[in-house]
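I have placed the structure first, in the form of structure tokens, so that the comments after it can refer back to it.
Proteins come first, then strands; the chains are lettered A, B, ... in the order of their sequence lines, and each starts at number 1. Just so it is clear, the values below take in all heavy atoms, side chains as well, and ignore hydrogens, waters and symmetry mates.
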Amino acid sequence: MNQATTTAPEGAQPDFSTFGLDAAILRAIVEQGYTTPTPIQQQAIPIALQGRDLMGAAQTGTGKTAGFSLPILQRLVPTQSASVSPARHPVRALILAPTRELADQVADNVATYAKHTQLRSAVVFGGVDIRPQIEALRAGVEIVIATPGRLLDHVQQKSINLSQVQILVLDEADRMLDMGFLPDLQRIVNLLPQSRQTLLFSATFSDDIKKLARSFLRDPATIEVARRNSTNENVTQTVYAVAEPDKHRALVQVLRERELKQVIVFVNKKLGAGRLSRLLERDGIPATAIHGDRSQAERTKALEDFKAGTIEVLVATDVAARGLDISALPAVINFDIPYNAEDYVHRIGRTGRAGATGDAISFCSPEEERSMADIEKLIKSPLKREALRLPARERFGDERPAGRADGARPARDDARAPRDDARPPRADRDDSRGDRPARSHGATGHGIRHGRGAPVDEFFLKPYEPSGASVAAAKAESEADKPAATSAIKRKQNVGLLLGGYKR
DNA sequence: AAAAAAC
């Protein structure tokens, strides 16, 4: 619960029982140990119960899922029937989510809250056998949680009929309405009755998306708990100025220094995710990757192993940026600065959930200052660039061999580094002593020194101090909303940063 | 520019 954004009057002590929910639903809530609704729940539930359309913005980790699940169940309870005929079980509520893992998680939540009711739900997403999904739908369900592609597949196969849907929910609504999803979403919405209730939830809504969203809503209520696009204040944000080739070492350093045992490391690209997780394994750090090029089985296992604690570091693309609720996750690291400022808000929202505190650490290279500035503008708070003391690379064993601009190692070195984890951690093998000629792709590989391999020297990255001018410019830009006028200023400042902040 | 989402 986010105390700082609580809007309840003093002494009013809100309680779930005040919503007039069915006893069966209330019982499930109590069993979950919930007593006090969060601010978004307090505000959203009564409105949703009235059947009104709703656009709800609340910070990450403040219980949006229950905010729409509970009223859905309540609205459907009177129509529940014990009949198993699908004809008597038309789909009455449809919840769409942008990733399979999130759909799965939302479905778990819905099933939990519906446990003592007669209402049934099914989850439907791609990458897994479609047949069990068809069976579940045939048996009859009132609530379907889905990702768009597989849902349309079911529509084509006629294993689902959406003509009786009374309630549509878009979880992570701004993502569902973006260019990549919009065509599928439009197709789905066209299959639904015109007269229905539509609920939109997210932690972020850009002005453009808000406008677009209105075209899907009828006379909507708008709820903004705290400020739209704001980060959770329980999350401490740190930005380290780190040059691109130093990021791997910086990561190992931060993991060790802070003794982080559970952390999601976000990267921007799928290839980068696989590469980094393998490097970490070579460092003796239990890591795995989750991204869209992995099979669904691999994705599911990665997430499960991470949740179980078998894996300490989950290297993830933005497939894991939104919605995923990993209990007590202490920290998130942005190895890459996300291209979209909104994604930053969602990424760091994986930590500091349900009132807990969390750490968000970002590695910002000179090339990424533009993105970082966009983030600061979005969240309306400047973030100081901190210096990070790094152990030196091996004098000649540079992790970025000459001629390779992308930092990848030559193929033969790659061949020497098996993809699986059969190999013992590098620290134990100790083949990184300086008793032989250093090679550009040599035994030190990524250049990490640890264990007995003491650093030969250290260098110090001078932090970027946000100048008064840059802060003022960011403020002016966000207030006056004149991006064209200030982007030139921003560019100039970045040149300054490049020269002053990152020279080595 | 990238990621996500059906087969």
According to a strict under-4.0 Å criterion, is [X] in side-chain N/O contact with OP1 or OP2 of [N]?
{"X": "A:Arg299", "N": "B:dA5", "answer": "yes"}
{"X": "A:Arg322", "N": "B:dA3", "answer": "no"}
{"X": "A:Thr99", "N": "B:dA5", "answer": "no"}
{"X": "A:Thr147", "N": "B:dA4", "answer": "no"}

d([atom1], [X]; [atom2], [N]) in whole Å:
{"X": "A:Ile337", "N": "B:dA1", "atom1": "CD1", "atom2": "C1'", "result": "16 Å"}
{"X": "A:Glu367", "N": "B:dA1", "atom1": "CD", "atom2": "P", "result": "16 Å"}
{"X": "A:Asp184", "N": "B:dA5", "atom1": "CG", "atom2": "C1'", "result": "7 Å"}
{"X": "A:Leu170", "N": "B:dA5", "atom1": "CG", "atom2": "P", "result": "16 Å"}
{"X": "A:Arg347", "N": "B:dA4", "atom1": "CZ", "atom2": "P", "result": "11 Å"}
{"X": "A:Asn334", "N": "B:dA2", "atom1": "CG", "atom2": "P", "result": "18 Å"}

* Asked: A:Arg322 and salt bridge (Lys or Arg N to Asp or Glu O under 4.0 Å): which partner among A:Asp171, A:Asp178, A:Asp174?
  ->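 With A:Arg322 as partner, salt bridge (Lys or Arg N to Asp or Glu O under 4.0 Å) holds for just one option, A:Asp174.
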* To do: Check every atom of B:dA4, B:dA2, B:dA6 against the side chain of A:Tyr339 and return the nucleotide holding the closest atom.
  =>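 The answer is B:dA2.
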* Side chain of A:Asn340 - closest among B:dA4, B:dA2, B:dA5 ->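 Output: B:dA2.
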* To do: Enumerate the residues from residues 174-181 of chain A whose closest heavy atom to DNA chain B is under 4.0 Å, giving them by residue number; use none for an empty result.
  =>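 Of all residues in residues 174-181 of chain A, the ones placing a heavy atom under 4.0 Å from DNA chain B are A:Gly180, A:Phe181.
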* Picking from A:Gln166, A:Arg52, A:Arg75, what satisfies side chain to side chain donor-acceptor pair (under 3.5 Å) with A:Gln197? ->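 Of the listed options, the one satisfying the test is A:Arg75.
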* Looking at A:Arg350, A:Arg353, A:Lys307, which one forms a side chain to side chain donor-acceptor pair (under 3.5 Å) with A:Asp325? ->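 The side chain to side chain donor-acceptor pair (under 3.5 Å) with A:Asp325 is passed solely by A:Arg353 among A:Arg350, A:Arg353, A:Lys307.
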* For A:Ser121 and A:Glu142, run side chain to side chain donor-acceptor pair (under 3.5 Å): C-alpha distance rounded to whole Å, both residues' side-chain angles, the deciding distance at 0.1 Å, then the answer. => CA-CA 6 Å; A:Ser121 57; A:Glu142 286 80 12; over 6 Å; no
* Gap separating the CG atom of A:Leu324 from the CG atom of A:Leu303, nearest 0.5 angstrom ->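 Answer rounded to 0.5 Å: 6.0 Å.
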* To do: For A:Ile348 and A:Val235, work out which heavy atoms get closest and say how close.
  =>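 Scanning both residues completely, I find the closest heavy atoms to be O-CG2, 3.9 Å.
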* Would you classify A:Asp153 as touching base, sugar-phosphate or nothing, given that sugar-phosphate means primed atoms plus P, OP1 and OP2, and contacts are heavy atoms under 4.0 Å? =>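 It contacts base atoms.
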